Protein chains: 2
Amino acid sequence: MTLDERKKRILWAIIQDFIATAEPVGSRTLARKYNLGVSPATVRNEMADLEEMGFLEQPHTSAGRVPSHHGYRYYVDHLMQPTELAESEKELVRVSFETKVKMISEVIQRTGQLLSQLSSYAAMVVSPCANRTRLRHIQLVSMGRGQAMLLVVLEPGIVQHRMMELPPDLTSADLETISQVVNAKISGSQMSELKLTIIREIYAELLRHKSLVAMIMDLIEDSSRSKEDRIYLGGIFNILNEPEFNNVEKVKTLLGLLEQEELICGILSEQDQPGVNVRIGSENSCDDIKDCSMISANYEIDGQRIGSVAVLGPTRMQYAKAISVVEYLTANLSEVLAKMYRS
Amino acid sequence: MTLDERKKRILWAIIQDFIATAEPVGSRTLARKYNLGVSPATVRNEMADLEEMGFLEQPHTSAGRVPSHHGYRYYVDHLMQPTELAESEKELVRVSFETKVKMISEVIQRTGQLLSQLSSYAAMVVSPCANRTRLRHIQLVSMGRGQAMLLVVLEPGIVQHRMMELPPDLTSADLETISQVVNAKISGSQMSELKLTIIREIYAELLRHKSLVAMIMDLIEDSSRSKEDRIYLGGIFNILNEPEFNNVEKVKTLLGLLEQEELICGILSEQDQPGVNVRIGSENSCDDIKDCSMISANYEIDGQRIGSVAVLGPTRMQYAKAISVVEYLTANLSEVLAKMYRS
DNA sequence: GTTAGCACTCACTTGAGGAGAGTGCTAATA
DNA sequence: TATTAGCACTCTCCTCAAGTGAGTGCTAAC
């Protein structure tokens, strides 16, 4: 489906205008405002063509035109000119990221804040997922009265902890020994490499505590596959400024959706393309956001995907801006994390 | 300010009715629906009195009456009959809490979910704050290339972690030694007891690593006073069902508020009474929720406050129900945590 | 002290009319 | 042949007036 230059120009202008005003765009306004050099009548003819091709829609007979999802898609793929962030915005990101952070969760939170602030849409950040990563360290800590805490440190600096019951006759020294033996065997290994052979070796060294070790291995397994990816959501109130969310019903649906962490994780993990993904309206797999667009990207350490960020807004979205914000922040986030956990 | 029996009856009926219908209550309906045994005219007279006393308000001259904040306060203090949770609801709580949980954050999350589900308002839970608590364990874990992670385990099972730079010549064994020495000295002590004497002793034993130890002590201090209380928010979409939130502006204000974690923490920590606190409308310190009511309570371990839960809804709230939900869940939460960390 | 009756108030609904923005079609023009 | 001016038509939205209904306050009777 290839469009001639004038059609492109007109489609571009319509989308541009609609994004800015949220009002159906008429031929007269368009011709005047965008200096198209042709009369409204000509524009009308072109618009009728574009509508027939599926790029535009008409809310009702005597209204202007509105871009269809299809139209937005064409815009994003062919018409939109990428915008760079303003110097002041870059500066803001730089300042936010350069102050010394001590925990991964802080970085995540700041990214989310920046994301929503710069894009003025809702932001979502999934914190590094522990899956498919290396074990760094485990540690048993006695918590008194027959209980212990198992600390599991995974490679990009993720810490998980689990409580466990202890057999009555165990001493703190025992815990320390077990920690050391298990550490010696497993630390640095990929979760998937935690094969039976290693486990057997541990059993062999810790015969006395066989059942305890089994429990520990289970808990390690459990924490490494933990779905408890923390999600940062922010700036939801931002999108309430958009006229498409003037309807409380819609807001309710959206909020209900956003509260379902697993669902959000799922949506964010299904990114087909490398780099920035744009899902427009019905391209979203989830019904509740069929009239939203989502711009998402993965961030990585050493080229390995460890989490995602996304921006959610109405289909009538400032695509160019949102895309560059997501792009810029993902790059920066990857960089900051790499610096934190260079290895 | 004492009311005769009939006035009490009428005030009670008005509030009851308004809570149920969200419509201003008229004399006719009231007299009929609640079998007051007097004519609408009499009810009107009483209503006029109650209005003069400040318990009722009139949206406009020819409308029915609506309870004022003052009226709700009287209702909560004197008129409301406490409701007990239904067996099925208790069962739900029991089931949710009895399945084995491995982390404190799971319990928090479930509590929040139950809170919003049972009350059908928005729920907030502040996770255990590390402040004023005992140190259980610290552990240094090498993260490669001159970096280490400091794990700090605090008494009720809170885990914090911090990244730190290491001097280049340090070995893993050094880290282990330092961990052990510091642990031996400080574990079990209250944060406030971490006086200079102890720190001097540690310095004495670890002369070679003096500056590193100083950094560690700082980070321990930092994590114990960490404001990073995690907040669980849930069921916000619930309150969008209430007619008072049909206005998108209000929703926006509320969402904006709820995203400010520190603010929420602040609001939740200012509970004057032991047990369940009820803040009605303008009794709330924060302007943005001047037309909401908040029911909150602290949960504890060993009688010590370690966090709070709250329910937020319109002033036209099912107080009796909400109060009993908060009460029941706080008690259960305290119990579960005590069981998890019995000491 | 209670009640019936009555005039009055005020929000909300309904429907008609008009304004305005925009369209599609046709015929004239370059 | 492509473009444009002109025009009738469509449809939403705003406004305004009239009518409806729930509720009130006051007064006089019980």
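All figures in this text were calculated on a predicted structure; none of them were measured in a lab. Here is how names work: the chains are called A, B, and so on, in the same order as the sequence lines, proteins then strands, and each is numbered from 1.
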message: Classify the ring geometry of A:F18 against A:Y72: parallel below 30°, tilted from 30° to 60°, perpendicular beyond 60°.
response: tilted
- prompt: Parallel under 30°, tilted from 30 to 60°, perpendicular over 60°: which one fits the rings of A:H70 and A:F55?
  reply: perpendicular
hbond_proxy A:S62 side chain to D:dT10 base (donor-acceptor, 3.5 Å cutoff): yes
Quiz item: B:R44 side-chain donor-acceptor pair to D:dG25 base, under 3.5 Å: yes
field: Shortest side-chain distance from A:M47, nucleotide among D:dC11, D:dA5, C:dT23
entry: C:dT23
message: By nearest atom, which of the nucleotides C:dG22, C:dT23, D:dT24 is closest to the A:S27 side chain?
response: C:dT23
Report the distance from atom [atom1] of [X] to atom [atom2] of [N], rounded to the nearest whole Å.
| X | N | atom1 | atom2 | answer |
| --- | --- | --- | --- | --- |
| A:R28 | C:dG20 | CZ | P | 13 Å |
| A:K7 | D:dT3 | NZ | P | 9 Å |
| B:Q58 | C:dA11 | CD | P | 11 Å |
| A:E46 | C:dT23 | CD | P | 14 Å |
| B:L36 | C:dG1 | CG | P | 19 Å |
| B:L30 | D:dT24 | CG | C1' | 14 Å |
| A:N45 | C:dT23 | CG | C1' | 11 Å |
| A:D17 | C:dG22 | CG | C1' | 14 Å |

Working for side chain to side chain donor-acceptor pair (under 3.5 Å), residues A:Y75 and A:Q16: CA-CA 9 Å; A:Y75 174 79; A:Q16 209 70 6; 2.9 Å; yes
- prompt: Say you draw a straight line from CE of B:M124 to SG of B:C265; how long is it, rounded to the nearest 0.5 Å?
  reply: 10.5 Å
field: A:R6 side chain near D:dT3 phosphate (N/O to OP1/OP2, under 4.0 Å)
entry: yes
- prompt: Reckon A:T61 has a side-chain N or O less than 4.0 Å from the OP1 or OP2 of C:dT23?
  reply: no
message: The criterion is salt bridge (Lys or Arg N to Asp or Glu O under 4.0 Å); which residues satisfy it with A:R9, sequence neighbours excluded?
response: none
Which residue lies more 5' along DNA chain C, comparing A:A41 with A:T29 via nearest heavy atoms: A:T29
query: DNA chain C: B:H60 or A:R65, which has the more 5' nearest nucleotide?
result: B:H60
